[in-house]
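Below is one structure; the comments refer to it alone.
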There are 2 protein chains.
Amino acid sequence: MRRSMQRKIILDIINNSNEHLDAYGLYYAAREKLSRISLGTIYRNLKSLVDTGEIDVIYDGTDKLRYDKREDHQHFLCTKCHKIIDIYDLDFKKPTNYKDNKVVSYKIVLEGLCENCQKEE
Amino acid sequence: MRRSMQRKIILDIINNSNEHLDAYGLYYAAREKLSRISLGTIYRNLKSLVDTGEIDVIYDGTDKLRYDKREDHQHFLCTKCHKIIDIYDLDFKKPTNYKDNKVVSYKIVLEGLCENCQKEE
DNA sequence: TCCTAACTAGTAATGATTACTATTTAATTA
DNA sequence: TAATTAAATAGTAATCATTACTAGTTAGGA
């Protein structure tokens, strides 16, 4: 895999943001730095970055996937507005395996209503 | 919400299976019981069943969503073949809230290589 | 039995993602 | 530093999971 300017830009945006952007959000952010970047390039790089484990994907209950830096943290997902909040202080010990299946990583998502959506209820 | 034959069939298939089927899998399974059921009906009911919390959705890393009975359990996901295995003996205590966000439920996915995929490595 | 809002079948449309191809470029080698 | 080339990109077309639409059907109450 070669280090293209485009991949570096995409990875930098993800690593320096905590907005959990989707592909389009990344596309617009990337265009600020490289106006001719194409959407296909965004998707192609996101896929390979996920495959190599350099970034994470989050499913937020809509039809779009969202992307996140690879860092030891978990998420709170608001089931109403789909806001995602980072959680760094959750206590869970990763098992090394489950039965004969090897556990490499894990994801925990707490779901519920965020502060704002509770007020609106 | 009215109890249509179609919704009952879909819910029964999900509750009596541990295959974590996707929409098409459910469509084919449902057609065995009601040959004229339409794919749109499958999707419409899946959406409302998820909204009311009668079933769960799982994102397995492909572009299809998979559906699961609502039951207190977690999942192991093989990142290579996308097999999903149910886990009933994981120890995690749901917090009632995270900061000012109300936690209603949670999902834990252990990711790694299943028994078969380890052999093929 | 009648009524009607909710639901369905069948099909068309949407839109996120992937594929394709001519061109460009990162990185290696002379 | 220039030549080489496989990998990556831009731009566009295609795919396909999901959603929307509409005329007809039906669950459930009066």
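Here is how names work: the chains are called A, B, and so on, in the same order as the sequence lines, proteins then strands, and each is numbered from 1. Predicted model, so just to flag it, every value in this text is computed and none were measured. Just the heavy atoms: all of them, side chains too, but no hydrogens, waters or symmetry mates, feed the values below.
- Regarding Tyr59(A), its OH atom lies at a distance of 13 Å from the C1' atom of dA16(C), rounded to whole Å.
- Every residue two or more places apart in sequence or in another chain that forms a side-chain hydrogen bond (donor to acceptor under 3.5 Å, both in side chains) with Glu111(A) is listed here: Ser105(B).
- One interatomic measurement links the two molecules: CG of Asn45(B) to C1' of dT18(D), which rounds to 14 Å at whole-angstrom precision.
- Screening His82(B), Lys83(B), Arg66(B) for a side chain to side chain donor-acceptor pair (under 3.5 Å) with Asp60(B), the sole residue that qualifies is Arg66(B).
- The stretch residues 7-20 of chain B participates, sequence neighbours left out, in these salt bridge (Lys or Arg N to Asp or Glu O under 4.0 Å) pairs: Lys8(B)-Asp12(B).
- Non-hydrogen atoms lying under 4.0 Å from DNA chain D are contributed by Arg2(A), Ser4(A), Gln6(A), Arg7(A), all within residues 2-30 of chain A.
- dA16(C) atom C1' lies 15 Å from atom CZ of Arg66(A), rounded to whole Å.
- Scored by the ring pair (Phe, Tyr, Trp, His ring centres under 6.0 Å) test, Tyr59(B) finds Tyr59(A) as partners (sequence neighbours excluded).
- Listed by first then second residue, pairs satisfying side chain to side chain donor-acceptor pair (under 3.5 Å) with a partner in residues 25-39 of chain B read Tyr27(B)-Arg31(B), Ser38(B)-Thr41(B), not counting sequence neighbours.
- In summary, the side chains of Gln74(A) and Tyr88(A) do not present any donor paired with an acceptor at a separation below 3.5 Å, with no hydrogens or angles considered.
- In this structure, Lys64(B) has no side-chain hydrogen bond (donor to acceptor under 3.5 Å, both in side chains) partners at least two apart in sequence or on a different chain.
- In this entry the distance linking CE of Met1(B) with C1' of dG28(D) reads 15 Å, nearest Å.
- For the pair Ile42(A) CD1 and dA16(C) C1', the interatomic distance rounds to 14 Å; values are reported in whole Å.
- Among residues two or more places apart in sequence or in another chain, the ring pair (Phe, Tyr, Trp, His ring centres under 6.0 Å) test is passed with His75(A) by His20(A), His73(A).
- Note: CZ (Arg36(A)) to P (dT25(C)) measures 11 Å, nearest angstrom.
- A sub-4.0 Å separation between OP1 or OP2 of dA9(C) and a side-chain N or O of Thr41(B) is present.
- The salt bridge (Lys or Arg N to Asp or Glu O under 4.0 Å) check on Arg70(A) picks up Asp56(A), with sequence neighbours excluded.
- The distance between atom CG of Leu46(B) and atom P of dA17(D), rounded to the nearest whole Å, is 14 Å.
- Applying the ring pair (Phe, Tyr, Trp, His ring centres under 6.0 Å) test to Tyr106(B) and every residue at least two apart in sequence or in another chain returns Phe92(B).
- Taking a pair as Watson-Crick or G-U wobble with both distances under 3.5 Å, DNA chain C forms stems of 3 or more consecutive pairs at C:1-30 with D:1-30.
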Under 3.5 Å, N/O pairs linking protein and nucleotides 19-24 of chain D:
residue, atom, partner, partner atom, Å
dT19(D), OP1, Lys47(B), NZ, 3.3

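- The side-chain hydrogen bond (donor to acceptor under 3.5 Å, both in side chains) search around Glu54(B) returns Thr52(B), not counting sequence neighbours.
- Look at CG on Asp60(A): it is 12 Å from P on dA16(C), rounded to the nearest Å.
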